[in-house]
2 protein chains.
Amino acid sequence: MSIRRENTKESPGITATNNTSGNVRTRIFELGNDQNRLLIAADPQDRATLQPFLEPVTLLPGEILLDVGQAIDYVYFPQSGVISLLTMVQPGQFVETCTIGREGAVGLVTGLGSGVSLSRVVVQIAGRALRMRTALLQEILPKTPSLNDIKTRYGEALISQVLQTLACNTLHSVEQRLCRWLLICRDRTASNTVPLTQEALAEMLGVQRTTVTAAARSLQARGFIRYRRGVIECTDVAGLQETSCECYALMRDTFARLLPYTYEDPPADRG
Amino acid sequence: MSIRRENTKESPGITATNNTSGNVRTRIFELGNDQNRLLIAADPQDRATLQPFLEPVTLLPGEILLDVGQAIDYVYFPQSGVISLLTMVQPGQFVETCTIGREGAVGLVTGLGSGVSLSRVVVQIAGRALRMRTALLQEILPKTPSLNDIKTRYGEALISQVLQTLACNTLHSVEQRLCRWLLICRDRTASNTVPLTQEALAEMLGVQRTTVTAAARSLQARGFIRYRRGVIECTDVAGLQETSCECYALMRDTFARLLPYTYEDPPADRG
DNA sequence: TATTTTGTGTCCGATTACGCACAGACTTGT
DNA sequence: ACAAGTCTGTGCGTAATCGGACACAAAATA
């Protein structure tokens with residue numbers, strides 16, 4: 001569960017064909033140019049105001065940043081990696097309601113309301129984040145208009161994402177939803193490599209593991225993905241987009257409309 | 001589509017057993033004691049500030065109060081009836097993401113953000129509402145702290161409801177979800193009579209009409225509901241609660257926690 | 001290296017829901 | 001009273017997914 005990514009040595013990669021794949025986990029800790037898009041979008045002045053209070057932290061996969069009913073002490077601004085918001089149905093049973101990466105933040109919206117988390121917040125893919133005390137941010141926000149504006153718009157983007165996920169989960173097949181998830185994850189991480197087990201994906205999608213396996217097999221047979229133990233690699237993004245439902249495009253569009261410049265196009269192919 | 005409820009005469013009711021059933025549609029226009037819970041929960045002073053700007057309107061079933069991408073000109077505070085938020089998946093295909101009645105408001109949260117609706121907002125069950133220009137409310141809110149506080153907490157309650165609905169739609173059977181819907185609707189209207197067609201319910205739940213029919217039949221066979229053309233009557237609430245998933249209880253609890261006094265218990269039996 | 005843990009492949013029957021079609025019954029409007 | 005429109009009952013084949021089991025392979029651990 002609590003794998004120490006710092007000690008993780010270079011992953012083997014898929015084959016020589018993809019010479020940089022599999023490095024994501026380590027790259028995170030080597031390069032410093034991953035940045036949180038919300039912070040980037042703020043005025044340099046406002047960003048400077050926050051700077052001294054932002055504390056860099058490492059996001060370890062499986063780590064529970066926050067649980068249902070817990071006080072939201074920190075707001076997290078991911079710089080890399082992927083975080084899931086999970087809603088509890090029964091003790092032990094969860095469904096992913098939202099995927100958050102460097103384009104967003106955790107606790108920025110609900111954290112400033114009642115201050116109690118409605119969801120379980122779990123790190124899915126290792127990364128780094130800047131965090132800040134919620135109370136502090138609440139004090140500072142009125143003095144940083146650009147950030148306050150971003151907060152409002154991000155809140156709306158978040159709701160929009162949840163609404164679309166709701167519709168998607170209600171109407172679309174597991175295969176479509178899996179494609180959507182992979183595409184979103186790819187956007188979040190700017191990488192075609194998704195270091196997740198099918199079991200983890202099944203939990204997030206709220207379906208059986210065997211159903212994910214079947215879908216993954218089918219996608220691989222069509223050449224859209226390639227996978228091995230614990231890693232899925234997107235090899236044909238266009239194919240994934242066609243197989244996915246419109247929900248992916250709708251989610252992207254809404255996000256781009258509400259928060260332009262924060263959701264950049266991922267590279268066509270970068271391990 | 002646009003039925004004039006004012007002209008609707010007394011519905012026949014189911015049998016003599018339930019002497020007040022079927023009156024809901026007319027009762028709405030006869031009695032004036034239906035009130036919006038959010039407004040009630042506000043300070044009398046703040047409520048008085050709003051009063052002159054609140055305009056009473058009639059909610060006609062099928063009426064589209066707001067559509068995707070439309071500017072949110074008004075905030076609606078329902079006093080009776082039921083309103084649905086629907087998310088579009090394809091042109092013409094929608095799923096209900098949220099059910100709103102007198103315990104809430106339309107446009108209060110997203111209306112004050114970008115001002116553009118993310119959902120289609122449709123009247124499901126006839127009723128009345130007070131509405132107010134969004135821009136005006138935005139001006140007044142800072143001067144009415146109790147209302148501003150309610151707005152924040154209602155926003156969170158709304159998100160919570162959507163998250164739970166997402167999980168529920170993802171994991172639970174149509175029968176369970178139908179029960180949940182009926183129970184929520186019952187809370188919203190304080191009535192055991194749900195004046196909706198199975199077709200309308202199917203659309204909201206995002207399933208086939210025949211599937212709803214099958215579920216309704218089964219529930220009726222067990223004595224939990226009784227239905228005729230266009231009307232479902234809850235006859236055994238305890239049975240419905242047992243058949244429903246935990247989501248209903250979770251949703252109620254969260255709402256009660258965030259907005260105490262606004263979500264009162266519905267009567268055990270009142271047509 | 002050996003052992004344990006974890007992830008995947010695969011099979012199976014059972015169940016749920018889809019998708020479509022059509023008949024019949026109830027309302028509404030004329 | 002009649003016609004048109006709408007809602008519900010029902011049947012039936014098909015597809016998707018569940019839910020559980022077990023074998024096997026790969027990785028982590030000792």
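A, B, ... follow the sequence lines: proteins, then strands. Residue 1 opens every chain.
Judged purely by atom type and a 3.5 angstrom limit, B:Arg131 has no side-chain atom pairing as donor or acceptor with the backbone of B:Val57.
In this structure, A:Arg228 atom CZ and D:dA26 atom C1' are separated by 12 Å, rounded to whole Å. Distance CZ (A:Arg226) to P (C:dT8): 16 Å, rounded to an integer number of Å. When rounded to the nearest whole Å, the span between CG of B:Leu171 and C1' of D:dG19 equals 14 Å. Rounding to whole angstrom units, CD of residue A:Gln198 and P of D:dA26 are separated by 14 Å.
In this structure the side chain of B:Arg186 reaches within 4.5 angstrom of the side chain of B:Val237, judged on heavy atoms. Using a 4.5 Å cut-off on side-chain heavy atoms (C-beta onward), B:Val82 and B:Val194 make no contact.
Heavy-atom minimum distance, A:Trp181 versus A:Leu196: CH2-CD1, 3.3 Å. Nearest heavy atoms, A:Leu86 versus A:Thr97: N-OG1, 4.4 Å.
Remark: B:Tyr227 is not in phosphate contact with C:dC26, judged by side-chain N or O atoms under 4.0 Å from OP1 or OP2.
Applying the salt bridge (charged side-chain N to carboxylate O under 4.0 Å, His left out) definition to pairs two or more places apart or across chains, those involving residues 162-182 of chain B are B:Glu175-B:Arg222.
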Go along nucleotides 16-25 of chain C 5' to 3' and tag each nucleotide: B for a protein heavy atom under 4.0 Å from its base, S when only backbone or sugar atoms are that close, - otherwise. -SSBBB---B

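Under the 4.0 Å criterion applied to side-chain N and carboxylate O atoms, B:Arg209 and B:Glu199 are not assigned as salt-bridge partners.
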Walk me through it: do B:Leu171 and B:Cys247 pass the test side-chain contact (heavy atoms from CB on, under 4.5 Å)? CA-CA 10 Å; B:Leu171 293 175; B:Cys247 296; over 6 Å; no

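Of the residues in residues 212-223 of chain A, those lying under 4.0 Å from DNA chain C by heavy-atom distance are A:Thr213, A:Arg217.
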